[in-house]
Amino acid sequence: MEDEVFQHAVSVFSSLVSWVAAGAIMFGGVVPYIPQYRDIHRTQNAEGFSTYVCLVLLVANILRILFRFGRYYEMPLLWQSIIMICTMLVMLNLCTNVRMAAELSTKRRSFLDFDWTYFWSWSRFVDYLQCVLAFTLVAAYITYLLLDSVLFVETLGFLAVFTEAMLGTPQLYCNYQNKSTEGMSIKMVLMWTSGDTFKTGYFLLTEAPVQFWTCGLLQVFVDVAILFQVYYYSRYPQKPVSHTVSHTTSAKAL
């Protein structure tokens with residue numbers, strides 16, 4: 001009798017841990033952007049946040065969803081991608097509104113202009129939606145045609161997780177250009193690091209495809225590099241740049 005009670009308790013505890021882990025995987029990736037969203041909304045300044053982070057995550061998660069049609073992986077990872085796509089669209093909407101409110105130029109840039117000079121620096125949120133939709137349709141069509149190819153499916157999976165592993169590189173480059181981490185939410189990066197470490201461990205424990213955990217390790221490395229920038233630029237402040245140069249740099253970063 002006691003053995004049955006103990007086994008039942010272990011079973012309940014195991015199920016609880018599984019549910020908590022699944023919930024953390026699905027929603028944990030969104031949490032780091034909450035303080036960044038609040039900072040941008042409060043200050044009405046989006047210069048410290050690179051919107052290319054949104055581009056990286058949108059591409060990565062769209063490809064990951066398509067990858068599941070060719071190779072099965074756990075449902076929490078699918079929901080994580082869907083939730084992250086929604087979150088990045090919300091971040092893009094805020095950053096676009098803030099940037100356009102502060103921009104003195106009256107010239108409006110559109111996705112349908114097909115001007116690569118202003119790629120991902122458009123004036124309206126709808127332009128970003130058009131770009132994301134166009135990419136999704138093209139990628140889905142190619143995936144449909146080549147779904148029977150094992151090489152294509154495995155490559156697709158690698159591109160999905162490798163793109164996500166490069167998540168921090170736009171922010172890393174933005175900080176390097178500005179020679180400062182001012183305007184970037186340090187809480188966001190700390191949450192990135194802890195979340196990516198947890199996620200990589202989850203991949204290993206659930207025996208996810210090898211692309212997932214190898215690129216997860218790379219993602220943790222990039223997070224640590226950004227944290228080093230926070231330490232370095234706070235301990236050894238760089239020479240301030242002029243207002244004009246700073247504005248140009250921020251425009252490129254965004």
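This structure is a prediction, so every number in the text was calculated from the model and none was measured. Only heavy atoms go into these numbers, but all of them, side chains included; no hydrogens, no water, no symmetry mates. Numbering of residues begins at 1 and proceeds along the displayed sequence.
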Subject >> Of all pairs that satisfy salt bridge (Lys or Arg N to Asp or Glu O under 4.0 Å), the ones with a partner from residues 130-146, not counting sequence neighbours >> reply: none
**OP:** Ignoring hydrogens and angles, tell me if any N or O in the side chain of D196 forms a donor-acceptor pair with the backbone of T193 under 3.5 Å.
**Re:** no
Original post:
Is Y128 reaching over with its side chain to a backbone N or O of W120, donor-acceptor style, under 3.5 angstrom?
Top reply: yes
Original post:
Hey, what do you get for CD (Q44) to CG (N97), rounding to the nearest 0.5 Å?
Top reply: 9.0 Å
Original post:
Who pairs with Y232 by side chain to side chain donor-acceptor pair (under 3.5 Å), at least two apart in sequence or on another chain?
Top reply: none
Original post:
Are L77 and I82 connected in the hydrophobic side-chain network, where two residues link if heavy atoms are under 4.5 Å apart?
Top reply: yes
**OP:** Would you indicate whether the side-chain heavy atoms of Y33 and V53 approach each other to under 4.5 Å?
**Re:** yes
Subject >> Rounded distance (nearest 0.5 Å) linking atom CD1 of I40 with atom CZ of R99 >> reply: 11.0 Å
**OP:** Could you tell me how the ring of Y37 sits relative to the ring of H41: parallel (under 30°), tilted (30 to 60°) or perpendicular (over 60°)?
**Re:** parallel
**OP:** Could you check S110 against Y118 for side chain to side chain contact (heavy atoms under 4.5 Å, CB included), going step by step and ending with a plain yes or no?
**Re:** CA-CA 9 Å; S110 171; Y118 298 107; over 6 Å; no
Original post:
Can you name the residues that form a side chain to side chain contact (heavy atoms under 4.5 Å, CB included) with L217, not counting sequence neighbours?
Top reply: T200, W213
Subject >> Stepwise ring pair (Phe, Tyr, Trp, His ring centres under 6.0 Å) test for W122 and F125 >> reply: CA-CA 8 Å; W122 301 303; F125 175 63; over 10 Å; no
Original post:
Side chains of Q36 and M91: closer than 4.5 Å at any heavy-atom pair?
Top reply: yes
**OP:** Establish whether L133 and F114 are linked, either directly or via other cluster members, by ILVMFWY side-chain heavy-atom contacts under 4.5 Å.
**Re:** no
Original post:
For Y176, does the OH atom sit with more than 12 other heavy atoms under 6.0 Å from it, leaving out its own atoms?
Top reply: no
Original post:
Can you tell me how far CE of M88 sits from CD1 of I83, rounded to the nearest 0.5 angstrom?
Top reply: 12.0 Å
**OP:** Check side chain to side chain donor-acceptor pair (under 3.5 Å) between D115 and all other residues, then give those that pass, not counting sequence neighbours.
**Re:** T117
Original post:
Got a donor-acceptor contact below 3.5 angstrom from the T96 side chain to the N93 backbone?
Top reply: no
**OP:** Sort and list the pairs that fulfil side chain to side chain donor-acceptor pair (under 3.5 Å) and have at least one residue in residues 133-144, not counting sequence neighbours.
**Re:** none
**OP:** With sequence neighbours excluded, give me every salt bridge (Lys or Arg N to Asp or Glu O under 4.0 Å) pair touching residues 128-140.
**Re:** none
**OP:** May I ask you to decide if S121's main-chain N or O and R109's side chain share a donor-acceptor pair within less than 3.5 Å?
**Re:** yes
**OP:** Check the hydrophobic clustering (I, L, V, M, F, W, Y; side-chain heavy atoms under 4.5 Å; chains of links allowed) and say if F135 and V126 are grouped together.
**Re:** no
**OP:** Following the transitive rule for hydrophobic clusters with a side-chain heavy-atom cut-off under 4.5 Å over Ile, Leu, Val, Met, Phe, Trp and Tyr, establish whether L58 and V138 coincide in one cluster.
**Re:** yes
Subject >> Where L172 and Q229 come nearest, the two heavy atoms and their spacing >> reply: O-NE2, 3.1 Å
**OP:** Give the cluster check for L190 versus V230: same hydrophobic cluster or not, with ILVMFWY residues linked at side-chain heavy-atom distances below 4.5 Å.
**Re:** yes
**OP:** Could you tell me which non-hydrogen atom of T169 sits nearest to which non-hydrogen atom of V222, and how far apart they are?
**Re:** N-CG1, 3.9 Å
**OP:** Any chance you could lay out the ring pair (Phe, Tyr, Trp, His ring centres under 6.0 Å) test for W79 and F27, step after step, and finish with the verdict?
**Re:** CA-CA 9 Å; W79 277 107; F27 297 100; 8.9 Å; no
Original post:
Is the closest side-chain heavy-atom distance between T87 and L57 below 4.5 Å?
Top reply: no
Subject >> salt bridge (Lys or Arg N to Asp or Glu O under 4.0 Å): pairs with one or both residues in residues 135-152, sequence neighbours excluded >> reply: none
**OP:** Apply side chain to side chain donor-acceptor pair (under 3.5 Å) to D223 and list each qualifying residue two or more places apart in sequence or on a separate chain.
**Re:** none
**OP:** Step by step, work out the side chain to side chain contact (heavy atoms under 4.5 Å, CB included) result for L94 and V98.
**Re:** CA-CA 6 Å; L94 175 65; V98 168; 4.0 Å; yes
Subject >> Sequence neighbours excluded - salt bridge (Lys or Arg N to Asp or Glu O under 4.0 Å) pairs with any residue from residues 52-69 >> reply: R64-E164
**OP:** Answer yes or no: is there a side-chain heavy-atom contact under 4.5 Å between I62 and V132?
**Re:** yes
Original post:
Given a cutoff of under 4.5 Å between side-chain heavy atoms of I, L, V, M, F, W and Y, with clusters grown through shared members, what are the other residues clustered with V150?
Top reply: none
Original post:
Shortest non-hydrogen contact from S81 to I65?
Top reply: CB-CG1, 3.7 Å
Original post:
Roughly how far, to the nearest 0.5 Å, is CZ of F221 from CD1 of I226?
Top reply: 11.0 Å
**OP:** Tell me, please, which residues at least two apart from T43 pass side chain to side chain donor-acceptor pair (under 3.5 Å).
**Re:** none
Original post:
How close do L66 and A140 get, heavy atom to heavy atom, and via which atoms?
Top reply: CD1-N, 3.8 Å
Subject >> Closest non-hydrogen atom pair between F49 and C54, with its separation >> reply: CE2-SG, 3.8 Å
Original post:
So how far is it from Y231 OH to L227 CG, rounded to the nearest 0.5 Å?
Top reply: 13.0 Å
Without placing hydrogens or testing angles, list every side-chain donor-acceptor pair under 3.5 Å for residues 151-162, not counting sequence neighbours.
| from | atom 1 | to | atom 2 | distance (Å) |
| --- | --- | --- | --- | --- |
| E154 | OE1 | R71 | NH1 | 3.1 |
| E154 | OE1 | Q211 | NE2 | 2.8 |
| E154 | OE2 | R71 | NH1 | 3.1 |
| T155 | OG1 | L151 | O | 2.7 |

